[in-house]
Amino acid sequence: MKRPTVLIAAVAVVAAGLLTWLLWPGGGAKPTTQQAVSGPYTVQFSADRPRIGGNTFAVAVTGPAPEAVTVAPVMAQMGHALAPVPAGPDGPGRFRAADVGLPMAGQWEITVSLRGPGGAAQVVFPLLVN
(Lines give C-alpha, C1' and ligand atoms only; values in the text may rest on other atoms or scores of the structure.)
Protein backbone atom coordinates (compact mmCIF):
# COMPACT_ATOMS: atom_id res chain seq x y z
CA MET A 1 0.00 0.00 0.00
CA LYS A 2 2.91 2.41 0.55
CA ARG A 3 4.20 2.10 -3.00
CA PRO A 4 1.30 4.04 -4.71
CA THR A 5 1.48 6.78 -2.04
CA VAL A 6 5.22 7.26 -2.57
CA LEU A 7 4.74 7.33 -6.35
CA ILE A 8 1.96 9.91 -6.12
CA ALA A 9 4.06 12.07 -3.78
CA ALA A 10 7.06 11.90 -6.14
CA VAL A 11 4.94 12.89 -9.14
CA ALA A 12 3.42 15.78 -7.15
CA VAL A 13 6.88 17.08 -6.16
CA VAL A 14 8.15 16.91 -9.76
CA ALA A 15 4.99 18.64 -11.07
CA ALA A 16 5.26 21.40 -8.44
CA GLY A 17 8.93 21.96 -9.32
CA LEU A 18 8.18 22.16 -13.04
CA LEU A 19 5.28 24.54 -12.49
CA THR A 20 7.42 26.78 -10.27
CA TRP A 21 10.20 26.86 -12.88
CA LEU A 22 7.76 27.76 -15.68
CA LEU A 23 5.96 30.49 -13.73
CA TRP A 24 8.93 32.04 -11.93
CA PRO A 25 9.08 35.73 -12.95
CA GLY A 26 11.87 36.44 -15.43
CA GLY A 27 13.30 32.96 -14.98
CA GLY A 28 14.39 32.60 -18.59
CA ALA A 29 14.55 36.22 -19.62
CA LYS A 30 17.73 37.28 -21.37
CA PRO A 31 18.92 40.75 -22.35
CA THR A 32 18.36 41.52 -26.01
CA THR A 33 19.88 44.06 -28.39
CA GLN A 34 18.80 44.34 -32.02
CA GLN A 35 19.54 46.76 -34.84
CA ALA A 36 17.73 47.77 -38.03
CA VAL A 37 17.80 50.53 -40.64
CA SER A 38 14.83 52.60 -41.78
CA GLY A 39 15.39 55.49 -44.15
CA PRO A 40 18.28 57.65 -42.93
CA TYR A 41 18.09 56.17 -39.42
CA THR A 42 19.95 53.23 -37.92
CA VAL A 43 18.04 52.14 -34.81
CA GLN A 44 19.38 49.95 -32.03
CA PHE A 45 16.80 48.56 -29.59
CA SER A 46 17.77 47.08 -26.21
CA ALA A 47 15.70 45.42 -23.50
CA ASP A 48 17.34 44.20 -20.32
CA ARG A 49 15.60 40.98 -19.29
CA PRO A 50 12.12 41.51 -20.80
CA ARG A 51 9.41 40.39 -18.38
CA ILE A 52 5.75 40.64 -17.47
CA GLY A 53 5.11 44.05 -15.91
CA GLY A 54 7.22 47.20 -16.18
CA ASN A 55 10.14 47.20 -18.61
CA THR A 56 12.67 49.82 -19.66
CA PHE A 57 13.66 49.93 -23.32
CA ALA A 58 16.71 51.76 -24.65
CA VAL A 59 16.81 53.13 -28.20
CA ALA A 60 19.99 54.44 -29.86
CA VAL A 61 19.64 56.30 -33.15
CA THR A 62 22.35 57.25 -35.65
CA GLY A 63 21.59 59.54 -38.54
CA PRO A 64 19.58 62.76 -38.31
CA ALA A 65 18.64 63.50 -34.68
CA PRO A 66 14.96 62.57 -34.20
CA GLU A 67 12.67 65.05 -32.48
CA ALA A 68 10.37 62.34 -31.11
CA VAL A 69 10.75 58.59 -30.41
CA THR A 70 8.00 56.25 -29.23
CA VAL A 71 7.77 52.50 -28.58
CA ALA A 72 4.51 50.61 -29.09
CA PRO A 73 4.15 46.98 -27.94
CA VAL A 74 1.88 44.63 -29.92
CA MET A 75 1.12 40.95 -29.32
CA ALA A 76 -0.64 40.05 -32.57
CA GLN A 77 -1.46 36.43 -31.63
CA MET A 78 -3.53 37.59 -28.64
CA GLY A 79 -4.89 40.79 -30.16
CA HIS A 80 -3.05 43.06 -27.69
CA ALA A 81 -1.95 46.51 -28.89
CA LEU A 82 -0.76 48.88 -26.19
CA ALA A 83 -0.61 52.66 -26.43
CA PRO A 84 2.70 54.09 -27.68
CA VAL A 85 5.07 55.12 -24.89
CA PRO A 86 7.26 58.20 -25.46
CA ALA A 87 10.98 57.61 -25.12
CA GLY A 88 12.74 60.50 -23.43
CA PRO A 89 16.26 61.70 -24.21
CA ASP A 90 19.05 59.80 -22.46
CA GLY A 91 22.12 61.41 -24.05
CA PRO A 92 23.07 62.28 -27.63
CA GLY A 93 21.26 59.90 -29.98
CA ARG A 94 19.94 57.86 -27.04
CA PHE A 95 16.39 57.52 -25.76
CA ARG A 96 14.78 55.56 -22.93
CA ALA A 97 11.17 54.40 -22.57
CA ALA A 98 10.54 53.54 -18.92
CA ASP A 99 7.82 51.50 -17.26
CA VAL A 100 6.49 49.90 -20.46
CA GLY A 101 3.96 47.43 -19.06
CA LEU A 102 3.68 44.09 -20.81
CA PRO A 103 0.71 42.15 -19.40
CA MET A 104 1.67 38.61 -20.41
CA ALA A 105 4.48 36.31 -21.51
CA GLY A 106 4.94 35.41 -25.15
CA GLN A 107 6.11 36.88 -28.45
CA TRP A 108 5.72 40.66 -28.68
CA GLU A 109 6.60 43.10 -31.45
CA ILE A 110 7.95 46.48 -30.37
CA THR A 111 7.43 49.21 -32.99
CA VAL A 112 9.92 52.06 -32.61
CA SER A 113 8.63 55.19 -34.34
CA LEU A 114 10.85 58.17 -35.14
CA ARG A 115 9.97 61.67 -36.28
CA GLY A 116 12.61 64.20 -37.17
CA PRO A 117 14.50 66.07 -39.90
CA GLY A 118 15.10 62.80 -41.75
CA GLY A 119 11.32 62.25 -41.94
CA ALA A 120 9.16 59.70 -40.17
CA ALA A 121 10.28 56.08 -39.83
CA GLN A 122 9.24 52.90 -38.06
CA VAL A 123 11.17 49.77 -37.16
CA VAL A 124 9.63 46.62 -35.66
CA PHE A 125 11.66 44.45 -33.27
CA PRO A 126 10.56 40.99 -32.06
CA LEU A 127 10.73 40.51 -28.29
CA LEU A 128 10.19 37.29 -26.35
CA VAL A 129 8.85 37.89 -22.84
CA ASN A 130 9.11 35.10 -20.28
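Computed from a predicted model, the values in this text were never measured in an experiment. Both backbone and side-chain heavy atoms feed into the values below; hydrogens, waters and symmetry mates do not. Numbering starts at 1 and runs along the sequence shown.
- Within the structure, salt bridge (Lys or Arg N to Asp or Glu O under 4.0 Å) contacts touching residues 111-127 (residues at least two apart or in different chains) are Glu67-Arg115.
- Qualifying side-chain hydrogen bond (donor to acceptor under 3.5 Å, both in side chains) partners for Thr62, counting only residues two or more places apart in sequence or in other chains: none.
- The backbone N or O of Pro126 sits less than 3.5 Å from a side-chain atom of Gln34, completing a donor-acceptor pair.
- Ala105 meets the side chain to side chain contact (heavy atoms under 4.5 Å, CB included) test with Ile52; sequence neighbours excluded.
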For the pair Gln44 and Val59, evaluate side chain to side chain contact (heavy atoms under 4.5 Å, CB included) and give the outcome as yes or no after the intermediate values. CA-CA 6 Å; Gln44 183 178 14; Val59 178; over 6 Å; no

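- Qualifying salt bridge (Lys or Arg N to Asp or Glu O under 4.0 Å) partners for Arg96, counting only residues two or more places apart in sequence or in other chains: Asp90.
- Closest of all the heavy-atom pairs between Ala98 and Val85 is O-CG1, 4.2 Å.
- Note that CE of Met78 and CD of Gln107 are 13.5 Å apart. Values are rounded to the nearest 0.5 Å.
- Checking side-chain atoms of Asn130 against main-chain N and O of Leu128 turns up no donor-acceptor pair under 3.5 Å.
- Judged as a ring pair (Phe, Tyr, Trp, His ring centres under 6.0 Å), and not counting sequence neighbours, the contacts of Phe57 are Phe45.
- Annotation: side chain to side chain contact (heavy atoms under 4.5 Å, CB included) contacts of Pro103 (sequence neighbours excluded): Leu82, Trp108.
- Smallest separation of non-hydrogen atoms from Asp99 and Gly54: OD1-CA, 3.6 Å.
- Counting heavy atoms from C-beta on, the side chains of Val69 and Val112 come closer than 4.5 Å.
- Scanning for side chain to side chain contact (heavy atoms under 4.5 Å, CB included) contacts around Pro84 gives Thr70, Ala72, with sequence neighbours left out.
- Applying the side-chain hydrogen bond (donor to acceptor under 3.5 Å, both in side chains) rule to pairs touching residues 117-127 yields Ser113-Gln122, sequence neighbours excluded.
- Among residues two or more places apart in sequence or in another chain, the side-chain hydrogen bond (donor to acceptor under 3.5 Å, both in side chains) test is passed with Thr111 by none.
- Atoms CG and CG, from Leu127 and Leu102 in turn, are 7.0 Å apart once rounded to the nearest 0.5 Å.
- Residues that satisfy the side chain to side chain contact (heavy atoms under 4.5 Å, CB included) test with Pro64, not counting sequence neighbours, are Pro40, Tyr41, Pro117.
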Val37/Val43 under side chain to side chain contact (heavy atoms under 4.5 Å, CB included): CA gap, chis, key distance, verdict: CA-CA 6 Å; Val37 175; Val43 181; over 6 Å; no

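- The OG1 atom of Thr56 lies 9.0 Å from the CG atom of Asp48; values are rounded to the nearest 0.5 Å.
- Every pair tested for ring-ring contact (aromatic ring centres under 6.0 Å, His included) that includes a residue from residues 65-89 fails, sequence neighbours excluded, so the list is empty.
- Applying the salt bridge (Lys or Arg N to Asp or Glu O under 4.0 Å) rule to pairs touching residues 74-85 yields nothing, sequence neighbours excluded.
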